Undergrad: 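Quick one: the structure is below, questions incoming.
Protein chains get the first letters and strands the later ones, always in sequence-line order, with residue 1 at the start of each. These numbers come from a predicted model, not from an experiment.
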Amino acid sequence: MRDRRCLSPDAPSPLPCVPPHTQPDVFIRPVTAGSFSGTRIVTMRLSRSFLPTLRETPSEAQIASHRLMLRAGLIRQTASGIYAWLPAGLRVLRHIGQIVREEQDAIGGQEVLMPTLQPAELWKRSGRYDAYGPEMLRIRDRHERDLLYGPTNEEMITDLFGQSIRSYKELPQVLYHIQWKFRDEVRPRFGVMRGREFLMKDAYSFDISYEAAVDTYRRMMLAYLRTFQRLGVRAVPMVADTGPIGGDLSHEFLILAPTGESGVFYDGELETLDWLSDPVDISDSASLDKFFSNLTSYYAATDEKHEEGAWSQVPESRRREGRGIEVGHIFYFGTKYTRAMDITVAGPDSTPVCPEMGSYGIGVSRLVGAIIEACHDEAGIIWPDSVAPFKAVIINLKTGDATCDAFCEQLYAAAPEQFLYDDRTDRAGAKFADADLMGHPWQLIVGPRGAKEGKVELKRRATGERFELSVDEALAKVLDR
RNA sequence: CGGGCAGUAGCGCAGUCUGGUAGCGCAUCAGUCUGGGGGACUGGGGGUCGUGGGUUCGAAUCCCGCCUGCCCGACCA
């Protein structure tokens, strides 16, 4: 009770409170199955949960993903381009974050967490404080110190790196974090796809030479391909503008969707490649080179980099043309920041060397919208299994019926953390409509007739297939995926 | 930042032109009947009409300012 400064959100605080978004996204809290005596277990029973679905579309939402995210109770808008994430939406965000994390770790990435607020001084050192423009949200604290809400973290990570790394022997380093960013977009739109505040994974690499940086870049390329495949979407890497550096070391990853902001042209073969079972030895340069050469032999470019000559070489039946949503961007930029900020390590001959850097972003919150753009129908969202907020919804068609209730409880107890239990007393139609809207991969439908015979009806959201199964069979099918 | 549109109940909207007791559908609450694709009936609750000023006996409605949001374009993960 002595110091409640940061415990009472409304009280004027003598010290600035920690912005809520600097709290790490890393905790997935296991919910205990038991309950305290006398209290009710509140987990994901729909009758007790905060998953407010909307029957009608709020007038501000135009495109499918924005409409569906509001209707399915994933988000609520707080201000233009700024959203609160509700329980179901937050689960998706975490599932995406977790897959991203695993694939970054798999190529030797180390997770850190840098703050959202940064001192202006850091950006003055790189020269970007003046260069960045009005997209940067500038803040002044009570001591009249200039701060900014970070739109990206190159300066900060470079400074952090320079403080501790002294020798080429400590390279390479790949550091990443998943953190909220802010860019004061002139015109936020499309819900979370073009928000001002957004959750992003950004990774930064440090290498001793150009050759080593290229290997790192290629490893990251592979990690991205695997990440997007695991997320259940096809994000195609396209040659992107490299700016003043030149070379072929910048790629944007785009998900094909009619509402995309860029025009895209690519070889359809790219959609058939399987990166999860392709054995690439990421510790071997030659192996990485083979992988990269193979990948880049297929044509893929946004309209900005499109070349009719090369495009005409792609067999006509394989040409894919449309619009794409950018969900990732990888970039090699050499010594731009290490040089500007005078960060060096000792090289093999003991002379100081500015490390070669790259940065690699994935728009985590944007992906939620982008995935929905790619995965929905008239009735609602169709979540890929890997990111769905819940593996399945248990639909009790007759809440209050002893047999149905007991049956549903039995199902729910099998995986209370992965299931949503619709125990509301609403009519079947309303429950079906909400289930389709929220897009759970599976629906476990329990009605009086089936329950008596020990059968549950399993519906696959994506295909509409239905199966009459025993409890064990149904659980095996749902949980094995 | 230019151009356009809009703020009335939780959501979707009517009412504004022509000033006169603030409405409809859905949602919500109580009850009855229902019970496999947003069911029916009865009865309730909920709005200082974005905001500040002005005109008027009287303003959601007319006039002026401001704020907020959306759409189209130029710019970005």
Undergrad: Report the nucleotide, chosen from B:C70, B:A77, B:G73, that has the shortest atom-to-atom distance to any side-chain atom of A:Arg189.
TA: B:G73

Undergrad: Take atom CD of A:Glu154 and atom P of B:A77, then tell me their distance rounded to the nearest Å.
TA: 11 Å

Undergrad: So A:Trp85 and A:Trp180, would you call those rings parallel, tilted or perpendicular, with 30° and 60° as cut-offs?
TA: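 Correct class here is tilted.
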
Undergrad: Taking the same atom, P, in B:G50 and in B:C11, what whole-Å distance lies between them?
TA: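 Pairwise P distance, B:G50 against B:C11, rounds to 14 Å.
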
Undergrad: Measuring from the side chain of A:Arg194 (C-beta onward, heavy atoms only), which nucleotide among B:C75, B:A77, B:G36 has the closest atom?
TA: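 So the nucleotide nearest the side chain must be B:C75.
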
Undergrad: Compare the minimum distances between each of B:C11, B:G36, B:A77 and the side chain of A:Glu56, then state the nucleotide with the smallest one.
TA: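 Side chain of A:Glu56 sits closest to B:C11.
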
Undergrad: Evaluate whether the aromatic ring of A:Phe432 and the six-membered ring of the B:G36 base sit under 5.5 Å apart, centre to centre, with an inclination under 30°.
TA: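 Aromatic stack with B:G36 absent for A:Phe432.
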
Undergrad: Using atom C1' in both nucleotides, what's the gap between B:U61 and B:G37 to the nearest angstrom?
TA: 43 Å

Undergrad: Report the nucleotide, chosen from B:G69, B:C76, B:G12, that has the shortest atom-to-atom distance to any side-chain atom of A:Glu135.
TA: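 From the listed options, B:C76 comes nearest.
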
Undergrad: Side chain of A:His329: nearest nucleotide among B:C71, B:A77, B:G69?
TA: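 Of the options given, the side chain of A:His329 lies nearest B:A77.
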
Undergrad: Which is more 5' along RNA chain B, the nucleotide nearest A:Asp426 or the one nearest A:Arg366? Just name the residue.
TA: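 Residue closer to the 5' terminus by nearest nucleotide: A:Asp426.
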
Undergrad: Using a strict threshold of under 4.0 Å (side-chain N to carboxylate O), is an ion pair present between A:Glu271 and A:Arg234?
TA: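 A:Glu271 and A:Arg234: not salt-bridged.
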
Undergrad: What I want to find out is whether A:Arg194 reaches A:Glu185 closely enough, with some N-O distance under 4.0 Å, to be called a salt bridge.
TA: yes

Undergrad: Within this structure, what is the CG-to-C1' distance between A:Asp405 and B:G35, rounded to whole angstrom?
TA: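 Computing the A:Asp405:CG to B:G35:C1' distance gives 14 Å.
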
Undergrad: Taking the side chain of A:Glu261 as heavy atoms from C-beta outward, which of B:C76, B:C70, B:A77 is closest to it?
TA: B:C76

Undergrad: Now, which nucleotide makes the Watson-Crick or G-U wobble pair with B:A60, with each of the two distances under 3.5 Å?
TA: none

Undergrad: Taking the P atom in each of B:U28 and B:G65, what is the distance between them to the nearest angstrom?
TA: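 Result for the P pair: 43 Å, nearest Å.
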
Undergrad: Whom does B:C1 pair with, Watson-Crick or G-U wobble, provided both distances fall under 3.5 Å?
TA: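 Because both required distances fall under 3.5 Å, B:C1 counts as paired with B:G73.
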
Undergrad: Let's see if you can work this out: which of B:C71, B:C26, B:C75 has an atom nearest to the side-chain heavy atoms of A:Arg187?
TA: B:C71

Undergrad: With rounding to whole Å, what would you report as the distance between B:G15 and B:U34 at their C1' atoms?
TA: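 One C1' to the other, the span is 36 Å.
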
Undergrad: Taking NZ, NE, NH1 and NH2 as the nitrogens, is one of them in A:Arg45 or A:Glu409 under 4.0 Å from a carboxylate oxygen of the other?
TA: yes

Undergrad: Judged by each residue's nearest nucleotide on RNA chain B, which is more toward the 5′ side, A:Gly450 or A:Met200?
TA: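 Nearest-nucleotide comparison on RNA chain B picks A:Gly450.
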
Undergrad: Given the P atoms of B:A27 and B:G39, what is the spacing between them in whole Å?
TA: 6 Å

Undergrad: State which of B:G39, B:A74, B:C11 makes the closest approach to the side chain of A:Pro58.
TA: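 For the A:Pro58 side chain, the nearest candidate turns out to be B:C11.
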
Undergrad: Checking only heavy atoms, does the side chain of A:Gln77 share a donor-acceptor pair with the base of B:G69 at less than 3.5 Å?
TA: no

Undergrad: Test the A:Arg460-A:Trp442 pair against the cation-pi criterion, namely NZ or CZ under 6.0 angstrom from the six-membered ring centroid and within 45° of the ring axis.
TA: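 Verdict for A:Trp442: a cation-pi partner in A:Arg460.
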
Undergrad: Decide yes or no, distance alone: a donor-acceptor N/O pair under 3.5 angstrom between the base of B:C11 and the side-chain of A:Arg71.
TA: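 Counting by modelled atom types and ignoring angles, no donor-acceptor contact under 3.5 Å is found here.
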
Undergrad: Have a look at A:Ser59 and say if it touches a base, only the backbone sugar-phosphate, or nothing, with a 4.0 Å heavy-atom cut-off.
TA: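 Counting heavy atoms under 4.0 Å across all strands, the contact made by A:Ser59 is with sugar-phosphate only.
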
Undergrad: Look at the side chain of A:Arg183 and decide which nucleotide, out of B:G12, B:C71, B:C76, has an atom nearest to it.
TA: B:C76

Undergrad: Rounded to whole angstrom, note down the C1' distance from B:G3 over to B:A74.
TA: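 Comparing C1' positions in B:G3 and B:A74 gives a spacing of 12 Å.
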
Undergrad: P atom, B:C62 versus B:A14: distance in rounded Å?
TA: 15 Å

Undergrad: State whether A:Asp159 and A:Arg125 are salt-bridged, where the test is any N-O pair (Lys NZ or Arg NE/NH1/NH2 against Asp/Glu carboxylate O) under 4.0 Å.
TA: yes

Undergrad: Output the single nucleotide from B:G37, B:G12, B:A77 whose closest atom is nearest the side chain of A:Glu185.
TA: B:A77

Undergrad: Give one of base, sugar-phosphate or nothing for A:Ser365, where a contact means two heavy atoms less than 4.0 Å apart.
TA: nothing

